[in-house]
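Since the model is a prediction, treat every value here as computed from it, not as a measurement.
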Amino acid sequence: MGKNRQNRSTSSGTEVVDLSVNSPEEDRTLKLREKIFLVVILIIVLVSIIGIFAVRISSSGSFSLLLAEETEQYDLSVINSATVDDFMEVNGIGEVRANAIVNFRESIGGFTDINQLTYIDGISDSILESVIEYFYGESQETE
């Protein structure tokens, strides 16, 4: 660290003391370090946000669909014609989820892929497997 700068007198006779302990070069170095620190913090925050987003997607079951190979085709007319009561018979699906399935199905004009069920909040891969087992009588790994 640099030494204190010398005292200066003003025209009014009062003395001004510069209490800076850093030279201008040291001040620039500190400012550069502060900028680098802020950039590192920003990168950490961005990576954290991306990580949270990835975990949220993977826990909803739809992330596995991005990586999955094509799954076996099912006769989708079965689930496209199922009622709320039919879906409520599936293990893990209550009235709220059953209504969500039917509402989503209606909003997209019917399912074109069995995996679209996982787009619905609360429908995990295990519940999808239960739907397949209930409606199609088989257990199918969807990942």
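If you take CD1 on Ile127 and CD1 on Ile93, they are separated by 6.0 Å, rounding to the nearest 0.5 Å. Taken to the nearest 0.5 Å, the OG atom of Ser48 stands 11.5 Å off from the CD1 atom of Ile43. Between the CG atom in Leu117 and the OG atom in Ser124 there is a gap of 11.0 Å [rounded to 0.5 Å]. To the nearest 0.5 Å, atoms CD (Glu95) and CG (Asn99) are separated by 5.5 Å. Note: Tyr134 OH to Ile79 CD1 = 13.5 Å, rounded to the nearest 0.5 Å. In this structure, CD in Glu133 is found 11.5 Å from CG in Leu128, a value given to the nearest 0.5 Å.
Tracing side-chain contacts under 4.5 Å through hydrophobic residues (I, L, V, M, F, W, Y), one reaches Ile120 starting from Ile108; they form part of the same cluster. Note: the hydrophobic cluster containing Ile52 does not contain Ile44 (ILVMFWY, side chain heavy atoms under 4.5 Å, direct or indirect links). Leu46 and Leu38 fall into different hydrophobic clusters, where Ile, Leu, Val, Met, Phe, Trp and Tyr are joined by side-chain heavy atoms under 4.5 Å apart, directly or via other members. Ile50 and Leu42 fall into different hydrophobic clusters, where Ile, Leu, Val, Met, Phe, Trp and Tyr side chains are chained together by heavy-atom contacts under 4.5 Å.
Note on ring orientation: taking the six-membered ring where Trp is involved, the planes of Phe111 and Phe104 are tilted (angle from 30° to 60°).
Annotation: side chain of Arg105 is in contact with side chain of Val102 (closest heavy-atom distance under 4.5 Å).
Scanning for side chain to side chain donor-acceptor pair (under 3.5 Å) contacts around Ser77 gives Asp75, with sequence neighbours left out.
Within 6.0 Å of the CG atom in Asn91, the count of heavy atoms belonging to other residues, nucleotides or ligands does not exceed 12.
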request  = Report the C-alpha distance between Met88 and Asp85 in whole Å, list the side-chain angles of each, state the deciding distance to 0.1 Å, and finish with yes or no for side-chain contact (heavy atoms from CB on, under 4.5 Å).
outcome  = CA-CA 5 Å; Met88 287 176 54; Asp85 291 332; 4.2 Å; yes

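With Arg97 contributing its side chain and Phe87 its backbone, the two residues share no donor-acceptor pair below 3.5 Å.
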